[in-house]
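Step one of this worksheet: look at the structure below.
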Amino acid sequence: MTTTVKVHVNGNYRATVQHILDGQPYGEPIAVNPQEEKSFNLHHGKDNSFSVYEEYLGDKQA
């Protein structure tokens with residue numbers, strides 16, 4: 001079984017997603033920019049998880 005995770009960012013934020021496989025970072029972190037959506041698969045392992053970090057990019061310029 002493979003699990004697909006979809007991350008969508010609203011507002012003026014950037015998200016960074018890191019896949020954790022068996023307690024260790026797996027692959028490069030995935031950056032998701034404002035108004036963007038990305039998907040990634042969690043690969044097989046004893047323990048799969050992911051972490052999401054949000055960064056506020058400030059007020060949008062008029």
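Counting from 1, the numbers follow the sequence of the chain as shown.
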Residues Thr4 and Ser39: closest non-hydrogen pair is CG2-CB, 4.1 Å

Which of Ile30, Val5, Val7 passes side chain to side chain contact (heavy atoms under 4.5 Å, CB included) with Phe50? It is Val5

For Asn12 and Tyr56 the tightest heavy-atom approach is O-CD1, 3.6 Å

Residue pairs meeting salt bridge (Lys or Arg N to Asp or Glu O under 4.0 Å), one or both in residues 4-33, sequence neighbours left out, come to Lys6-Glu37, Arg14-Glu55

Minimal heavy-atom distance between Pro29 and Thr16, with the atoms involved, is CB-CG2, 3.7 Å

Heavy-atom nearest pair, Ser49 first then Leu42, reads O-CD2, 4.1 Å

Between His19 and Asn48: side-chain donor-acceptor atoms closer than 3.5 Å: yes

Excluding Leu21, membership of its hydrophobic cluster (Ile, Leu, Val, Met, Phe, Trp, Tyr; side-chain heavy atoms within less than 4.5 Å) reads Tyr26

Same cluster for Ile20 and Val52 if Ile/Leu/Val/Met/Phe/Trp/Tyr side chains link at under 4.5 Å? no

What one should report as the nearest heavy-atom pair of Gln18 and Gly27 is NE2-O, 3.3 Å

Correct closest heavy-atom pair for Gly11 and Pro34 would be O-CB, 3.4 Å

- Query: Can Tyr13 be reached from Leu57 by stepping across I, L, V, M, F, W or Y side chains whose heavy atoms are under 4.5 Å apart?
  - Reply: no

When rounded to the nearest 0.5 Å, the distance separating CG of Asn10 from CD of Glu36 is 12.5 Å

